Amino acid sequence: MSEHSERTKDTAGQPAGGGRTDPATEAFVAHRNLLFTVAYEMLGSAADAEDVLQETWLRWAGVDLGEVREQRAYLVRITTRQALSRLRTLGRRKESYVGSWLPEPLLTAPDVAEDVELADSVSMAMLLVMETLAPTERAVFVLREVFDLGYDEIAEAVDKSPAAVRQIAHRARAHVAERRPRGIVSPTETRDALDAFQRAVETGDLQSLLDILAPDVVLVGDGGGVKQAVLRPVVGADKVARLLIGGLGKVTAPSMRPAQVNAYPALVLRLDGELDTVVAVRIDDGLITGLYAVRNPAKLTHMQQETALRR
């Protein structure tokens with residue numbers, strides 16, 4: 001293994017041997033959670049975000065720190081560029097993906113939900129809205145709206161002029177505003193809707209389920225071609241409700257438990273004790289308008305332990 005690979009591995013946890021770290025490692029570790037959050041919000045994939053962090057570290061390790069005015073800004077710039085490159089590659093992968101593609105769910109700590117703007121930006125609903133942005137638009141939107149970077153800083157990160165970045169930011173903001181959930185939904189509102197949803201599904205109460213689903217609710221499943229899932233979105237309360245009750249009725253003793261996923265309450269379905277599905281929701285005006293069921297095992301690895309997110 002190369003020296004760079006060893007150092008990359010060390011930055012993921014504690015310094016090797018528990019000794020003192022060099023300034024480059026200290027700076028990277030200090031900002032690691034922030035950099036992961038930038039990459040994850042741009043990509044919607046924790047696995048790809050981790051790869052971006054490794055690439056960022058390899059470039060950062062070769063930088064002359066004496067030439068760096070502001071370490072945080074410099075690291076964010078490297079991360080953004082690497083994430084943009086990865087986002088374009090990811091776009092090509094999605095074209096051949098089996099069925100619908102959903103963001104990778106993260107088990108998050110309660111403190112993430114306390115930062116309302118950060119929680120909103122990493123919610124499954126918002127990540128799906130950001131999927132509709134072009135790569136540069138997404139980078140600009142994330143850096144400006146979530147991390148409040150100045151236009152000059154963003155311009156350096158995306159290789160555009162500050163004037164162009166202002167235009168891109170305005171366009172991205174308007175695009176997102178048209179598609180995002182109507183108003184920021186509190187965790188309590190989400191939890192209440194999920195509780196009603198869970199009761200209705202577990203008891204097979206079709207009418208109660210219809211009462212909590214919006215008429216135009218959309219169910220999206222992601223099995224990645226590995227696990228059975230709806231290949232195309234299912235639209236409409238009646239279709240979704242009957243599919244859910246009929247499908248779960250055939251499953252032997254499923255266990256549904258609440259969990260904090262992407263800063264909001266969600267449901268985790270286990271079969272025979274094994275993690276099978278993560279169900280996140282979108283709420284508009286008190287009703288569930290989106291149900292996002294992730295079953296692809298490759299996307300459930302970050303549900304084993306909490307992921308730290310920071311702004």
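Owing to the predicted nature of the structure, the values given are computational and were not obtained by experimental measurement.
At least one cation-pi condition fails for Arg173 and Phe141: the charged atom is not both under 6.0 angstrom from the six-membered ring centre and inside a 45 degree cone around its axis.
In summary, the side chains of Asp211 and Ser208 do not present any donor paired with an acceptor at a separation below 3.5 Å, with no hydrogens or angles considered. With no hydrogens or angles considered, no side-chain donor-acceptor pair links Tyr292 and Asn262 at under 3.5 Å. A side-chain donor-acceptor contact under 3.5 Å links Glu104 and His302.
A salt bridge between Glu50 and Arg32 is present, with a side-chain N of the basic residue lying under 4.0 Å from a carboxylate O of the acidic one. A salt bridge between Arg138 and Glu41 is absent, with no side-chain N of the basic residue lying under 4.0 Å from a carboxylate O of the acidic one. Salt-bridge check for Arg191 with Asp195: failed, with every basic side-chain N at 4.0 Å or more from each acidic carboxylate O. Ion pairing between Arg77 and Glu153 fails under the 4.0 Å rule for side-chain N and carboxylate O. In this structure, Asp115 does not pair ionically with Arg310, as no charged nitrogen and carboxylate oxygen lie closer than 4.0 Å. Comment: Arg295 engages Asp276 in a salt bridge, judged by a side-chain N to carboxylate O separation of less than 4.0 angstrom. Residues Arg180 and Asp284 are not paired through a salt bridge, judged by the lack of any N-O separation under 4.0 Å between the basic side chain and the carboxylate.
Between the CD1 atom in Ile212 and the CZ atom in Phe197 there is a gap of 10.0 Å [rounded to 0.5 Å]. Taking CZ of Arg199 as the reference point, atom CG of Leu194 lies at 11.0 Å (rounded to 0.5 Å).
Aromatic ring centroids of Trp60 and Phe28 lie 6.0 Å or more apart.
With a 4.5 Å cut-off on side-chain heavy atoms, Gln260 and Pro110 do not count as touching.
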Verdict with reasoning, Arg179 to His175, per side chain to side chain donor-acceptor pair (under 3.5 Å): CA-CA 7 Å; Arg179 293 162 177 81; His175 181 97; 3.3 Å; yes
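Here the closest non-hydrogen pair linking Val235 and Val218 is CG2-CG2, 4.2 Å.
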